[in-house]
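In what follows, a single structure is set out as structure tokens and then discussed.
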Amino acid sequence: MEQWITILQEVSFPIIISFYLLYRIETKLEAIHTALVSLNNPAKV
């Protein structure tokens, strides 16, 4: 049981940081996508 707790302590921090960064990048990628689509179709903006 203690081995599992140690593994969770060592692995959980990078996993949480990775999910946080992926979430932040996703919102920025959506903004870039919207900007690129508006550049392609300037009449619709």
request  = Would you check if I32 and L36 make a side-chain contact, meaning some heavy-atom pair closer than 4.5 Å?
outcome  =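 A side-chain contact exists here, since the closest heavy-atom pair is under 4.5 Å.
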Shared hydrophobic cluster for L21 and F13 (ILVMFWY, side-chain gaps under 4.5 Å) =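 L21 clusters together with F13.
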ask   = Hey, quick one: are L29 and L39 part of the same hydrophobic cluster, counting side-chain heavy atoms closer than 4.5 Å, chains of contacts allowed?
value =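 Not linked; separate clusters.
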ask   = How long is the gap from CG on L22 to CD1 on I17, to the nearest 0.5 Å?
value = 11.5 Å
ask   = Atom CG in L8, atom CD in Q3: separation rounded to 0.5 Å?
value =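 It is 11.0 Å, given to the nearest 0.5 Å.
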ask   = Does anything in residues 19-30 pair up under side chain to side chain donor-acceptor pair (under 3.5 Å), and if so which pairs, sequence neighbours excluded?
value = Y20-R24
ask   = Which atoms form the tightest heavy-atom contact between S38 and A35, and what is the distance?
value = OG-O, 2.7 Å
